[in-house]
Amino acid sequence: MPVEIYRRGLLLVLSSPSGAGKSTLARRLLGADPDITMSVSVTTRAIRPGEIDGKDYYFIDQARFDKMRKQGELLESATVFGNGYGTPRKPVDDWLAAGKDVLFDIDWQGTQQIVDKLPNDLVRVFILPPSAEELRERLIRRAQDPMKVVAGRMAEASREISHYAEYDYVLINDDLERCLDELCTILTAERLKRHRRAGLSDFVNRLQDKL
Ligand code: 5GP
């Protein structure tokens with residue numbers, strides 16, 4: 001019979017410049033692992049074609065965003081490309097307590113705020129594109145943004161990348177399958193860390209009693 005040890009959930013943050021393949025990686029990880037769930041952010045930016053309200057983001061107006069911030073309903077928040085983004089706090093607290101892991105697709109500003117609030121629960125992974133050319137091509141291929149926005153996102157990419165050293169792990173997404181494999185390896189090892197396995201001391205005590 002497998003030995004089940006209770007553990008506290010962890011917060012897995014994925015950051016990268018837009019277009020580094022982070023969303024695809026996140027989707028694949030969620031599909032492959034039932035113990036991790038995605039945190040759905042709120043944003044004030046306009047909905048893009050193909051996006052679903054409540055799944056990709058909760059699309060809200062500035063007044064609602066400001067109110068959520070003021071009332072402490074956001075675990076973290078930041079302004080990215082002139083739009084407000086934030087993580088609703090309540091679902092994260094519930095999932096952690098239930099021993100579930102939560103995946104975040106947030107930028108470096110939000111990551112730093114979570115470090116301050118939940119340092120022991122956080123695992124930070126930064127995804128780099130293999131090259132600047134590849135990043136530009138991915139942004140253009142995605143074709144969801146006008147060219148002016150693409151140019152702005154390239155400039156923003158450089159600023160985002162300058163924060164890579166604030167992360168625990170840095171992966172280069174030159175091969176999606178390998179990168180996903182590396183991400184799963186990180187998750188497995190982090191789940192096994194002693195400080196997260198809250199049920200370990202009970203298990204060891206029971207073991208000692210029988211020795
Ligand atoms: P996009 O508008 O392309 O979906 O996301 C733009 C950027 O905002 C990405 O770098 C993404 O990681 C970041 N982002 C999305 N949601 C949040 C959030 O809740 N908080 C923070 N700090 N950044 C976010």
Side-chain angles (χ1 to χ4, degrees), residues 1-16 20-42 54-56 58 72-77 86-128 163-173 175-211:
M1 208 169 58
V3 177
E4 296 282 345
I5 307 269
Y6 172 76
R7 69 175 177 89
R8 185 172 159 76
L10 58 81
L11 307 178
L12 181 67
V13 167
L14 285 187
S15 293
S16 77
K22 178 180 49 178
S23 312
T24 310
L25 268 172
R27 200 170 49 244
R28 290 286 302 276
L29 180 64
L30 291 164
D33 191 324
D35 289 330
I36 189 158
T37 185
M38 186 84 196
S39 163
V40 180
S41 298
V42 295
K55 183 169 174 284
D56 297 289
Y58 295 104
E73 290 173 34
L74 300 178
L75 178 63
E76 61 74 35
S77 61
T87 301
R89 176 193 296 267
K90 173 88 171 66
V92 176
D93 289 342
D94 293 348
W95 283 320
L96 278 188
K100 274 238 174 199
D101 303 319
V102 189
L103 181 64
F104 296 84
D105 172 348
I106 61 175
D107 78 335
W108 65 272
Q109 305 174 75
T111 306
Q112 283 189 347
Q113 293 168 48
I114 300 183
V115 176
D116 295 338
K117 289 181 180 154
L118 298 165
N120 295 326
D121 296 324
L122 189 61
V123 179
R124 296 162 294 182
V125 180
F126 197 91
I127 314 289
L128 287 171
H163 291 276
Y164 81 96
E166 293 154 25
Y167 286 72
D168 304 306
Y169 301 91
V170 180
L171 303 179
I172 300 174
N173 190 10
D175 179 301
L176 180 70
E177 297 306 324
R178 192 168 47 76
C179 201
L180 180 65
D181 205 39
E182 288 170 347
L183 193 58
C184 290
T185 304
I186 291 167
L187 190 54
T188 301
E190 289 287 343
R191 282 171 171 167
L192 288 169
K193 277 202 167 154
R194 182 166 46 79
H195 80 269
R196 301 215 158 87
R197 305 180 85 195
L200 206 51
S201 59
D202 276 352
F203 175 75
V204 172
N205 286 341
R206 273 183 271 119
L207 196 62
Q208 294 277 47
D209 283 347
K210 301 266 162 58
L211 296 178

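FYI, the numbering just counts along the sequence from 1.
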**Prompt:** Checking Asn173 side chain against Ile127 main chain: does a donor-acceptor pair fall under 3.5 Å?
**Reply:** no
**Request:** Check the surroundings of atom CG in Leu122: do more than 12 heavy atoms from other residues, nucleotides or ligands lie under 6.0 Å from it?
**Result:** yes
**Asked** Is the shortest side-chain N to carboxylate O distance from Arg89 to Asp93 below 4.0 Å?
**Response** no
**Message:** With a 3.5 Å distance limit and no angle check, can you tell me whether Ser15 reaches the backbone of Ile106 through a side-chain donor-acceptor pair?
**Reply:** yes
**Request:** Grab the two heavy atoms, one from Pro88 and one from Val40, that are nearest each other, plus how far apart they are.
**Result:** CD-O, 3.3 Å
**Request:** Would you name the heavy atoms of Lys117 and Leu75 that are closest together and state the gap between them?
**Result:** NZ-O, 2.6 Å
**Message:** Within the supplied structure, the quantity of interest is the number of heavy atoms (other residues, nucleotides, ligands) at a distance under 6.0 Å from Tyr58 OH; does it exceed 12?
**Reply:** no
**Prompt:** Going from CH2 on Trp95 to CD1 on Ile36, what distance comes out if it is rounded to the nearest 0.5 angstrom?
**Reply:** 10.5 Å
**Fill in**
CZ of Arg206 to OG of Ser201, rounded to nearest 0.5 Å, is 9.5 Å
**Request:** Starting at CD1 of Ile186, measure out to CG of Leu171 and round the result to the nearest 0.5 Å.
**Result:** 4.5 Å
**Request:** Would you give the length of the straight line joining atom OG of Ser39 to atom CG of Leu12, rounded to the nearest 0.5 angstrom?
**Result:** 11.5 Å
**Prompt:** Is Asp101 salt-bridged to Arg196, going by a charged N under 4.0 Å from an acidic O?
**Reply:** no
Extract all donor-acceptor atom pairs below 3.5 Å that involve side chains of residues 108-116 and protein atoms in other chains or at least two apart in sequence.
residue: Gln109; atom: NE2; partner: Thr79; partner atom: O; Å: 3.3
residue: Gln109; atom: NE2; partner: Asp107; partner atom: OD2; Å: 2.7
residue: Thr111; atom: OG1; partner: Asp107; partner atom: O; Å: 2.9
residue: Thr111; atom: OG1; partner: Tyr167; partner atom: OH; Å: 3.2
residue: Gln112; atom: NE2; partner: Glu166; partner atom: OE1; Å: 2.9
residue: Gln113; atom: OE1; partner: Ser77; partner atom: N; Å: 3.0
residue: Gln113; atom: NE2; partner: Ser77; partner atom: O; Å: 2.7
residue: Gln113; atom: NE2; partner: Gln109; partner atom: O; Å: 3.4

**Item:** Test log, rule side-chain contact (heavy atoms from CB on, under 4.5 Å), inputs Arg197 and Leu192
**Value:** CA-CA 7 Å; Arg197 305 180 85 195; Leu192 288 169; 3.9 Å; yes
**Asked** Once you round to the nearest 0.5 Å, how far does SG of Cys184 lie from CG of Leu29?
**Response** 5.5 Å
**Request:** Taking all heavy atoms of Leu200 and all of Arg194, pick out the closest pair and write down the distance.
**Result:** CD2-CG, 3.9 Å
**Request:** For a side chain to side chain donor-acceptor pair (under 3.5 Å) with Tyr169, tell me which candidate from Arg124, Glu182, Glu190 qualifies.
**Result:** Glu190
**Prompt:** How about Leu187 and Leu10: do any of their side-chain heavy atoms sit closer than 4.5 Å?
**Reply:** yes
**Message:** Are more than 12 heavy atoms, taken from residues, nucleotides or ligands other than Tyr6, located less than 6.0 Å from that residue's OH atom?
**Reply:** yes
**Message:** Is it the case that the side chain of Lys22 and the backbone of Asp105 share a donor-acceptor pair, with hydrogens and angles ignored and the cut-off at 3.5 Å?
**Reply:** no
**Asked** Say you draw a straight line from CG of Asp202 to CD1 of Ile5; how long is it, rounded to the nearest 0.5 Å?
**Response** 9.0 Å
